[in-house]
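The structure under discussion appears below in the form of structure tokens.
Here is how names work: the chains are called A, B, and so on, in the same order as the sequence lines, proteins then strands, and each is numbered from 1. Not measured: the values here are computed from a predicted model.
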Number of protein chains: 2
Amino acid sequence: MKPTESELEILQVLWEKGPSTVRQVNEHLSQTRDIGYTTTLKLMQIMHEKGLLSRTEEGRYHVYQALIGEEETQQHLLDRFVDTAFRGSAMKLVMQVLGNSKATPRELEELQKLINQLNPENNEPDEQL
Amino acid sequence: MKPTESELEILQVLWEKGPSTVRQVNEHLSQTRDIGYTTTLKLMQIMHEKGLLSRTEEGRYHVYQALIGEEETQQHLLDRFVDTAFRGSAMKLVMQVLGNSKATPRELEELQKLINQLNPENNEPDEQL
DNA sequence: AAAGATATACGAATCGTTTCGTAGAAGTCA
DNA sequence: TGACTTCTACGAAACGATTCGTATATCTTT
């Protein structure tokens, strides 16, 4: 339930591409870094043992699939990260991200919407609950 | 420049308490988890070798001090985290934090201010630059 | 001075992760 | 069929982080 960095890389491929063979995943990974086929294989086998991936045999191939969701996993990692790096202060983290990021107007608009939802009193009233 | 989790724990003590001896740090750490004195000692020695901590001898004690700043370090960890866990999408991270956090009105207000700064066009004009 | 507490230094065991070499099974092709 | 390629399985090396035992020096206390 707490993937390592390498495992996270693999999960991201599977989230993006859907169920894949070891070769497909390895192909993708080796575009960004040096990694041998058997390394990827071993990692995915371990992840299968750990229950992070499911595996179905199709002929001579094994097709793997992520068993944990992207959002769910990100949330989990995020919680941990806030704790360890920001000593629990989520707001401090948000401020720091925003302060240093170049958000598009589109994104800022969405963000604004979210804030209005969170803080109904402070703004023009939307609708009654 | 990229502290491990244990190192981060120690840094946080030093950031909070200022320059400290091994014993003081260890005292603090052992409140939250099981850790032997020599373990803390060794960690701090290594951090000193790595250049993460400075060390001054006072009598028979060594007084250690963080050589990297808290904000600076958090920013660095944050950048890395956004990359690995959120594939670079800082905004997605912000949304997810905000969606799941109970921010105080005070915090939301600050956040609002920050957003207005970032997005001058979209809101009532503040002042000319 | 002797005993005990407390400091640093250091080597080494342990642990989890990552990496790869090698072996054997199974498919492909000439 | 024989040579090649391409799977999976598996053991083990390599690496970094963490942990601790032990040795030695230094202070404190009686």
Which heavy atom of [X] sits nearest a heavy atom of [Y], and at what distance?
| X | Y | value |
| --- | --- | --- |
| A:Ala66 | A:Trp15 | CB-NE1, 3.7 Å |
| B:Ser20 | B:Val25 | CB-CG2, 3.9 Å |
| B:Ala85 | A:Leu8 | CA-CD2, 3.9 Å |

For this session: May I ask you to decide if the ring planes of B:Phe81 and A:Phe81 are parallel, tilted or perpendicular, using 30° and 60° as cut-offs?
Result: parallel
Could you tell me which residues satisfy side chain to side chain donor-acceptor pair (under 3.5 Å) with [X], sequence neighbours excluded, listed by chain and number?
| X | result |
| --- | --- |
| B:Gln45 | none |
| B:Gln12 | none |
| A:Arg106 | none |

Excluding sequence neighbours, so at least two apart, what forms salt bridge (charged side-chain N to carboxylate O under 4.0 Å, His left out) with [X]?
| X | result |
| --- | --- |
| A:Lys92 | B:Glu71 |
| B:Glu107 | none |
| B:Glu27 | none |

For this session: Mind jotting down which residue pairs meet the salt bridge (Lys or Arg N to Asp or Glu O under 4.0 Å) criterion with at least one end in residues 42-55 of chain A? Sequence neighbours excluded, please.
Result: A:Glu7-A:Lys50
Exercise. Which pairs count as salt bridge (Lys or Arg N to Asp or Glu O under 4.0 Å) when at least one residue sits in residues 77-86 of chain B, sequence neighbours excluded?
Worked result: A:Glu5-B:Arg80
Problem set entry | Contact interval (first through last nucleotide) of DNA chain C with protein chain A, 4.0 Å heavy-atom | C:dT17 to C:dG27
Seminar exercise, completed: Per-nucleotide protein contact along nucleotides 16-21 of chain D, 5' to 3', at a 4.0 Å heavy-atom cut-off (B base, S sugar-phosphate only, - neither), is -SSBBB
Problem set entry | Contiguous Watson-Crick or G-U pair runs (3 or more, under 3.5 Å) in DNA chain C | C:1-30 with D:1-30
Problem set entry | Nucleic acid contacts of residues 54-68 of chain A, taken as heavy-atom distances under 4.0 Å to DNA chain D | A:Arg55, A:Arg60, A:Tyr61, A:His62
Problem set entry | Residue-phosphate contact under 4.0 Å: A:Gln45 side-chain N/O, D:dA9 OP1/OP2 | yes
